[in-house]
2 protein chains.
Amino acid sequence: MPRMRSVGLQLEAIAPGGSGMPLYRAVKRALLAALESGRVAPGQALPAEKRLAALLGVSIGTLRHAVDELVAEHLLVRRHGRGTFVATHDSTRFLFQFFHVERRDGRRELPRVELLAFGRELADDETAEALHVAPGSAVYAVENRLSLQGRAVVFDRLWIPCALFRGLSEKRWRERPATIYHFYQAEYGITVVRAHERAQAVAADRPSARVLGLAVGTPVMRVRRTALGFGERPIEYRISTIHTAVHDYVHMLSRPARAG
Amino acid sequence: MPRMRSVGLQLEAIAPGGSGMPLYRAVKRALLAALESGRVAPGQALPAEKRLAALLGVSIGTLRHAVDELVAEHLLVRRHGRGTFVATHDSTRFLFQFFHVERRDGRRELPRVELLAFGRELADDETAEALHVAPGSAVYAVENRLSLQGRAVVFDRLWIPCALFRGLSEKRWRERPATIYHFYQAEYGITVVRAHERAQAVAADRPSARVLGLAVGTPVMRVRRTALGFGERPIEYRISTIHTAVHDYVHMLSRPARAG
DNA sequence: CCCAATTTGTTCGTATGTATA
DNA sequence: TTATACATACGAACAAATTGG
């Protein structure tokens, strides 16, 4: 039987009462640091709770408290009887955490993605501000068309700092097997932790209209997303143009933790 | 036969191992039932944890597990040294959980609300389906204009079932002191627990254009919201038309529980 | 201002149940 | 079956925040 291999975390025992911070929060920070540094890779199992608690020199309850919060933030995933794993971006669960377009009738489906353009650019002011880089910094720029049910629905333009993605090429980008965020994570160890989006309604400009097969001036949604990694570090800036004739942009508020 | 103790909240001791359900979940359901029935009113404090645990016949750890989940779902609020309270809709924290329009520069402000229309209608098919009532059922229909910085930004039309809001009148509605959801909660004991929204970009129709002071055909966002109470019961259906020239519709994904 | 009572927050440890390999 | 891992449940003790005297 293949054994799940847990990882040498290079964790040190937490100093109790060291900083006025609750112990479980210090534990959380230690785990967060291990995740951020990549000492535990996405998909890998953490040491068992009992062992991890011993390694850190805290009780199992304290460890669980810290892990609970990381699970709530989608950074770890617990599997009963198996272990606790570093969350990955490959599951559909995670995909749909960041993909908000669905059919009017509520059914979700995976979009077909076409790469329209890939290149290097110098960041304009808007992109630079979003990515917290200097204006004029080198960025990779990507354009995608997303189709649902054979219909072009989303025109994505996204920018990522070249400094974060050394050695990226169109070939590598094109040959990624799964989602973009999974690619960032698997190939560059860069995990998108959360994001914020700002949406407007605008008249389709000429490029968007062409890509989506619309008349110029058709109302479309324009969504500006900044994707953040650990420590609120900007990873990607994306402008999505969405044709909402047949599909909706959806937003859930206050989902219950589990069924009541 | 489990011993049944009746108390202030009319909570009964939970039967251990009664239903294959974890004990903390049974506790959660008991608390949920107390909230839903209004036996504990919004803003009121629950009995202290120690006492509540004793009342329910469970350990304090088990009680806290249940309360933790209700806090995560924004139904309860803990205050260190003071108690655990039934969440209300009057704090700005809760207001902004359901109000997603803000200035381009990210600053939030409270909207000025003007009541444009109030009346009784028969639910059309769309409203009826959203509210889970029969088409043609009696509903109250309300129209509001929301302004930010003196600018008309949102045109809200909302429908609520007459059956849920007995004795509602334009006078009562107009004289409510605070937010709409606070009004539902304080006056009718109806708590909005969560909501989902579906957004599109459309050309402003004549009524929206008039209310928002726009040219007909200007691209605007149209957001359809269904607000749900306990047990997923629909409470309100709302169609918001938003002018996004100066303001954005914002959407946060995966906010961290607290500062890491 | 300090003290005492009350209440939630944190930490510990143990035992047992349940899912997985 | 057996071993491992997470899930649930218990309860004790002390810390920290709040309130009122």
Side-chain angles (χ1 to χ4, degrees), chain A residues 1-7 9 13-31 40 43-72 76-87 257-259, chain B residues 2 8-9 13-31 40 44-72 76-87 257-259:
Chain A
M1 296 292 127
R3 271 295 293 277
M4 203 59 67
R5 213 177 20 177
S6 61
V7 180
L9 283 183
I14 308 289
S19 55
M21 188 195 304
L23 189 51
Y24 78 89
R25 200 159 285 275
V27 170
K28 184 181 172 183
R29 286 174 79 120
L31 294 173
V40 274
Q44 264 188 322
L46 262 55
E49 292 178 341
K50 216 166 109 178
R51 209 168 98 76
L52 195 46
L55 285 173
L56 292 162
V58 302
S59 78
I60 195 162
T62 300
L63 173 74
R64 277 186 67 86
H65 195 164
V67 172
D68 281 345
E69 291 202 354
L70 294 170
V71 168
L76 296 177
V77 177
R78 284 207 181 95
R79 290 184 213 165
H80 195 159
R82 299 226 284 138
T84 302
F85 301 81
V86 182
R258 303 189 195 85
Chain B
L9 291 181
I14 307 291
S19 56
M21 189 196 304
L23 188 50
Y24 79 90
R25 200 158 284 276
V27 170
K28 183 181 172 184
R29 286 174 77 119
L31 294 173
V40 273
Q44 254 189 328
L46 261 55
E49 291 177 341
K50 217 167 110 178
R51 208 169 99 77
L52 195 46
L55 287 172
L56 291 161
V58 301
S59 77
I60 195 160
T62 300
L63 173 75
R64 280 186 64 87
H65 195 347
V67 171
D68 282 344
E69 291 203 353
L70 293 170
V71 168
L76 296 177
V77 178
R78 286 209 181 95
R79 290 185 216 166
H80 194 163
R82 300 225 288 136
T84 302
F85 299 81
V86 182
R258 304 186 196 87

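Order of the sequence lines fixes the chain letters, A, B, ..., with proteins taken first and strands second; residue numbering starts at 1 for each chain.
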Checklist line | A:Glu49 CD - C:dG17 P separation (whole Å) | finding: 18 Å
Check: According to a strict under-4.0 Å criterion, is B:Arg79 in side-chain N/O contact with OP1 or OP2 of C:dT7?
Finding: no
Notebook entry, point to check: Atom CZ in A:Arg29, atom CZ in A:Arg25: separation rounded to 0.5 Å?
Noted result: 9.0 Å
Next item on the list: State, with a plain yes or no, whether a side-chain heavy atom of A:Thr84 is found less than 4.5 Å away from one of A:Leu70.
Entry: no
Notebook entry, point to check: Has A:Arg64 got a side-chain N or O lying under 4.0 Å from the OP1 or OP2 atom of D:dC6?
Noted result: no
Next item on the list: Any chance you could measure A:Arg51, atom CZ, to A:Leu63, atom CG, to the nearest 0.5 Å?
Entry: 12.5 Å
Check: Given D:dC6, is OP1 or OP2 found less than 4.0 Å from the side-chain N or O atoms of A:Thr84?
Finding: yes
Margin query: Can you measure B:Leu52 atom CG to C:dT6 atom P for me and round it to whole angstrom units?
Written below: 17 Å
Margin query: Measure CZ/B:Arg78 against C1'/C:dT10 and give the value in whole Å, please.
Written below: 12 Å
Item checked: From A:His65 atom NE2 to B:Asp68 atom CG, the distance as rounded to the nearest 0.5 Å -> 7.0 Å
Margin query: Expressed as a whole number of angstroms, how long is the span from A:Met21:CE to D:dA16:P?
Written below: 14 Å
Next item on the list: For A:Pro47 and A:Leu55, work out which heavy atoms get closest and say how close.
Entry: CG-CD1, 4.4 Å
Note to self: Looking at every heavy atom in both B:Val86 and B:Leu76, which two are closest together, and how far apart are they?
What the structure shows: CA-CD2, 4.0 Å
Item checked: A:Lys50 NZ - C:dT14 P separation (whole Å) -> 10 Å
Check: Quick one: B:Leu56 CG to D:dA9 C1', roughly how many Å, whole number?
Finding: 15 Å
Check: At their closest point, which heavy atom of B:Ala66 faces which heavy atom of B:Tyr24, and how far apart are they?
Finding: CB-O, 3.3 Å
Item checked: With B:Thr62 via side-chain hydrogen bond (donor to acceptor under 3.5 Å, both in side chains) - residues at least two apart -> B:Ser59
Next item on the list: Produce a footprint string for nucleotides 10-15 of chain D: one letter per nucleotide, 5' end first; B if the base is under 4.0 Å from any protein heavy atom, S if only the sugar-phosphate is, - if neither.
Entry: BS----
Item checked: Those residues that, when tested against A:Arg64, pass side-chain contact (heavy atoms from CB on, under 4.5 Å) (two or more places apart) -> A:Glu49, A:Arg78
Each nucleotide N or O in nucleotides 19-21 of chain D that has a protein N or O under 3.5 Å away: list the pair and distance.
none

Item checked: Euclidean distance, atom CG of residue B:Asp68 to atom C1' of D:dA9 [Å, nearest integer] -> 14 Å
Next item on the list: Rounded to the nearest angstrom, tell me the gap between atom CZ in B:Phe85 and atom P in C:dT7.
Entry: 10 Å
